[in-house]
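Starting from 1, each residue takes its place in the sequence as its number. Note that the structure is a prediction, hence the values are computed from the model and not measured. For the numbers below, each heavy atom of this structure counts, side chains included, while hydrogens, waters and symmetry mates do not.
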Amino acid sequence: MNHIKLLFFATIRERMGTKSLDLELPAEATIGDLKINLSERYPKIKDSLKSVLVTINREYAFDEAVIPSNAEIGVFPPVSGG
């Protein structure tokens, strides 16, 4: 099992009601697996997870990225601007 720390930002933080969460994931879990896990545990953010930006140890990551042990995962809502 991998221990990770999740950090939530902006509207995701508001919906979660917390700024961080510690979580155990199976070894070799990906960002896509993490999104599924979070959707099942926290249905209130399920729709938001379809469009969030995710970082692993402060670098952007895609759904197929494998999460290393003791990683810090950032979850950001999409940013729009003009």
Interatomic distance, [X] atom [atom1] to [Y] atom [atom2] [nearest 0.5 angstrom]:
X	Y	atom1	atom2	result
K35	K46	NZ	NZ	13.5 Å
L49	I36	CG	CD1	10.5 Å
R15	D47	CZ	CG	8.5 Å
S39	K44	OG	NZ	13.0 Å
I4	L23	CD1	CG	5.0 Å

Which heavy atom of [X] sits nearest a heavy atom of [Y], and at what distance?
X	Y	answer
P77	L53	O-CD1, 4.4 Å
E28	D33	O-OD2, 4.3 Å
P68	N2	C-ND2, 4.0 Å

Would you say the side chain of D22 lies within less than 4.5 Å of the side chain of H3, judging by non-hydrogen atoms?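 When only atoms from C-beta onward are counted, D22 and H3 do touch, with a gap below 4.5 Å.
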So, [X] side chain and [Y] main chain: donor-acceptor pair closer than 3.5 Å or not?
X	Y	value
N37	L25	no
R13	K19	no
T18	S20	yes
T30	A65	no
N57	E72	yes

Could you go through L21 and F8, starting from their C-alpha distance and side-chain angles, then the distance that decides it, and tell me whether this counts as side chain to side chain contact (heavy atoms under 4.5 Å, CB included)? CA-CA 8 Å; L21 182 70; F8 303 107; 3.8 Å; yes
Using a 6.0 Å cut-off, check whether atom CD of E24 has over 12 heavy atoms from anything other than its own residue. yes
Option from V75, I12, V54 for which side-chain contact (heavy atoms from CB on, under 4.5 Å) with L6 holds: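 Testing each of V75, I12, V54 against L6, the sole residue satisfying side-chain contact (heavy atoms from CB on, under 4.5 Å) is V75.
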Check the hydrophobic clustering (I, L, V, M, F, W, Y; side-chain heavy atoms under 4.5 Å; chains of links allowed) and say if Y60 and I67 are grouped together. no
Side-chain heavy atoms under 4.5 angstrom apart, residues restricted to Ile, Leu, Val, Met, Phe, Trp, Tyr: same cluster for F76 and L7?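 Yes: a chain of side-chain contacts under 4.5 Å links F76 to L7.
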